[in-house]
2 protein chains.
Amino acid sequence: MKSADKHNKIIRAATKVFAKKGFFNARISDIAKEAKVADGTIYLYFNNKYDMLLSVFEEKIGRLVEQINGQLEKEEDPRRMLEIFIVNHLREMKKNKNLAEVIQIELRQTNKIIRDFRNNKFSEYLNIIATIIMLGQEKGVFRKDILPGIAKRAIFGAMDEIARIWNINMDSKYKIEDTELQVIRIFLVGVLQNRETSQ
Amino acid sequence: MKSADKHNKIIRAATKVFAKKGFFNARISDIAKEAKVADGTIYLYFNNKYDMLLSVFEEKIGRLVEQINGQLEKEEDPRRMLEIFIVNHLREMKKNKNLAEVIQIELRQTNKIIRDFRNNKFSEYLNIIATIIMLGQEKGVFRKDILPGIAKRAIFGAMDEIARIWNINMDSKYKIEDTELQVIRIFLVGVLQNRETSQ
DNA sequence: AAATAAGGAATGAACATTCATTCATTTTTA
DNA sequence: TAAAAATGAATGAATGTTCATTCCTTATTT
């Protein structure tokens, strides 16, 4: 029986191996070994190597989307919502280094043309940030002169770069709580001491 | 004659090919063809494929560092300095898509262990941001509760993600000037409408 | 003429994918 | 109910291709 169980086992193994070696240096045989499965078995569950990466990516991001949506639905204050998003993302990346790495890989390795074609879950994820910002603008909490489409990328990019470093230096210089606070502060109030300076 | 000229020609070709195909899909023969040079010739100038990527990366970032330092030395106001850095980086990435792409590749593909070991020019580049922030804090222009080591990554990461999108969609949704202004605004004053909310 | 640079064909290792075969499980037959 | 047949998941060795790198040859420089 072609079990969903085995599918999962392979996904988990692939995540681990992709994260450790990167997509191109990951061998199918590595993944097979990690999943305790024969090389050929993998092709009963996935079309090819790239299909695996995409599956891993979509599944993991999908989880993130559900998780964050769950956390946000109780909240009304856009300011708090943004904080929750930031804290959740950073904690998740810190906890799950493999996930952070796979995001980095999928977003930047492999073929550009195929790339954003199937990344729907990822767009969905980023758009949560944009939605929060628009909500805040409607409620008059956030500045109206911020473009949500740019802000969402700035915020995600900032966190992604921070997570990238976590995956290089195992010893994080800063505590996770401090990092969260910093990111929240930077995006909420900026680096400026006084406000009159903005144009 | 083993000319510096040929070295440059190869670097330029490599940048182009790496940017177009990514490191792993770039063939030495592609680079050789692009540089109008024989495959073997490349090995007179570089030890191996990865050495080429690293050379390309270091050289390009080195240029960026010089360029931005030149622009900053006339400036005293940290606020303006940060603006200059942001504008310069974004314009450079927009103008030179290959450079943006190579940064993405080198930072995330290839081997993690070797990775940050030789990335000195890149650290130098990021530290310019940190220096600006510290200067601003000394001068009382920037908030003292911002950690420069985190802010520099947030700012770079934000711009890098924006540049990533430029390399995927050829049609940028926003004008470059608007994007610059947005990034500056987000980092200087944040998204919040009122200030009393920060902790 | 010697030394150095460049050329590019040849090499061989690496690796994704395939596919003939096995074998445990389920279904059918008697 | 037991034996026989069918199924299809799993295996992993074999295949064939794809390059990075080498190294012998040719061209150029001094």
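Remember, it's a predicted structure, so these values are computed and weren't measured experimentally. So you know, we letter chains A, B, ... as the sequences are listed, proteins then strands, and number each from 1.
- Residue Tyr43(A) has no polar side-chain atom (N or O) positioned under 4.0 Å from OP1 or OP2 of dT11(D).
- Rounded to an integer number of Å, the gap from NZ of Lys49(A) to P of dC15(C) is 9 Å.
- If you check dT17(C), dG12(D), dG8(C) against the side chain of Ala38(B), the one that comes closest is dG8(C).
- One can place NZ of Lys6(A) at 13 Å from C1' of dG8(D), the figure rounded to the nearest angstrom.
- Nucleotide dA27(D) holds its P atom 17 Å from the CG atom of Leu44(B), rounded to whole Å.
- Look at CG on Asp39(B): it is 10 Å from C1' on dA9(C), rounded to the nearest Å.
- Rounded to a whole Å, the CG atom of Asp5(B) is 13 Å from the P atom of dT29(D).
- Between the CD1 atom of Ile42(A) and the P atom of dC19(C) there is a distance of 18 Å, given to the nearest Å.
- Counting to the nearest Å, the P atom of dA20(D) and the CG atom of Asp51(B) are 15 Å from each other.
- In this structure, Arg27(B) does not reach the dT18(D) phosphate: none of its side-chain N or O atoms is under 4.0 Å from OP1 or OP2.
- Look at Tyr45(A) and you won't find any side-chain N or O under 4.0 angstrom from OP1 or OP2 of dA9(D).
- Looking at heavy atoms from C-beta onward, Arg108(B) lies in side-chain contact with Asp160(A) at the 4.5 angstrom threshold.
- Between Phe57(A) and the options Leu107(A), Leu99(A), Ile105(A), a side chain to side chain contact (heavy atoms under 4.5 Å, CB included) holds for only Leu107(A).
- Distance, Lys36(B) NZ to dG7(C) P: 13 Å, rounded to whole Å.
- Nearest-nucleotide mapping onto DNA chain C: of Thr41(A) and Ser29(A), the residue sitting toward the 5' end is Ser29(A).
- Figure legend: cation-pi geometry between Lys94(A) and Trp166(A), with NZ or CZ positioned under 6.0 Å from the six-membered ring centre and within 45° of its axis.
- The cationic atom of Lys6(A) (NZ for Lys, CZ for Arg) does not lie both less than 6.0 Å from the six-membered ring centre of Tyr45(A) and within 45° of the ring axis.
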